[in-house]
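For reference, the structure discussed in these notes is given below.
Everything numeric in this text was worked out from a predicted model, so none of it was measured. Order of the sequence lines fixes the chain letters, A, B, ..., with proteins taken first and strands second; residue numbering starts at 1 for each chain.
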Amino acid sequence: SQQGEEDPQALSIQEGENATMNCSYKTSINNLQWYRQNSGRGLVHLILIRSNEREKHSGRLRVTLDTSKKSSSLLITASRAADTASYFCATGNTPLVFGKGTRLSVIA
Amino acid sequence: ETGVTQTPRHLVMGMTNKKSLKCEQHLGHNAMYWYKQSAKKPLELMFVYNFKEQTENNSVPSRFSPECPNSSHLFLHLHTLQPEDSALYLCASSQAQGDTFVGYTFGSGTRLTVV
């Protein structure tokens, strides 16, 4: 698997606002995943989008995939303080390689 | 509870000690992984096991020794560690490749401090 690169490195927003994070990768993929990590804890799988899908929703999460641009975005709507965490993307199956992530801070 | 259990949650050990980290998954997955996460660094893949067989050793020093006695259990044996080995050690599991792959399930990690 290849490493995805998340952007921005850090993001700070007010509670209730939307948060958008981006992921870029370099070679063709069959799927892309997003994970969340709360400080000092393990990663939690949020959503997997396959290469033949363009958009996927899960609750307040919306993920898009543009294979022509080799990029994906994760949108969290109506953010909450509990969404404060680091977010990572990863491509392919196994073994997964993770980037540095986006550190999201949601201020109450 | 994610279905992947890591013990202990915290461990402090001296450089001459020998200790083991344990990971157990109850998800029926056939692949298990060890990752290391140091402060301000990306997760580093250490070892990969598929169907109990080690398929990847990511240039990990020999003071880290993995063991996978069955597809549900994974150990990381530690001996003569260095202070720079202090980190969060994460275990993960997954189903095999292909259409059945839906992502990794991680444990909560073991916070290791080497003194």
Is the closest side-chain heavy-atom distance between A:Arg41 and B:Thr2 below 4.5 Å?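 Heavy-atom side-chain distance check fails, nothing below 4.5 Å.
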Does any backbone or side-chain atom of A:Leu43 lie under 4.5 Å from a heavy atom of chain B? Answer side chain, backbone, both or neither.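 Both the backbone and the side chain of A:Leu43 come within 4.5 Å of chain B.
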State, to 0.1 Å, how close [X] and [Y] come at their nearest heavy-atom pair, and which atoms those are.
X       : Y       : result
A:Phe98 : B:Pro42 : O-CB, 3.8 Å
B:Gln37 : A:Phe88 : NE2-CZ, 4.3 Å
A:Pro95 : B:Leu45 : CB-CD2, 3.4 Å

Going hydrophobic residue to hydrophobic residue with side-chain gaps under 4.5 angstrom, can you get from [X] over to [Y]?
X        : Y        : answer
A:Met21  : A:Leu65  : yes
B:Phe106 : B:Val4   : no
B:Phe75  : B:Leu21  : no
B:Met15  : B:Leu112 : yes
B:Met13  : B:Leu88  : no

Part of B:Leu43 within contact of chain A (heavy atom distance under 4.5 Å):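 Both the backbone and the side chain of B:Leu43 come within 4.5 Å of chain A.
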So does A:Leu96 get a backbone contact from the side chain of B:Tyr104, meaning a donor-acceptor N/O pair under 3.5 Å?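 Side chain of B:Tyr104 to backbone of A:Leu96, a donor-acceptor pair under 3.5 Å: yes, one is there.
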Residue A:Lys56 excluded, over 12 heavy atoms near NZ under 6.0 Å: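 Yes, the 6.0 Å shell around NZ holds more than 12 heavy atoms from other groups.
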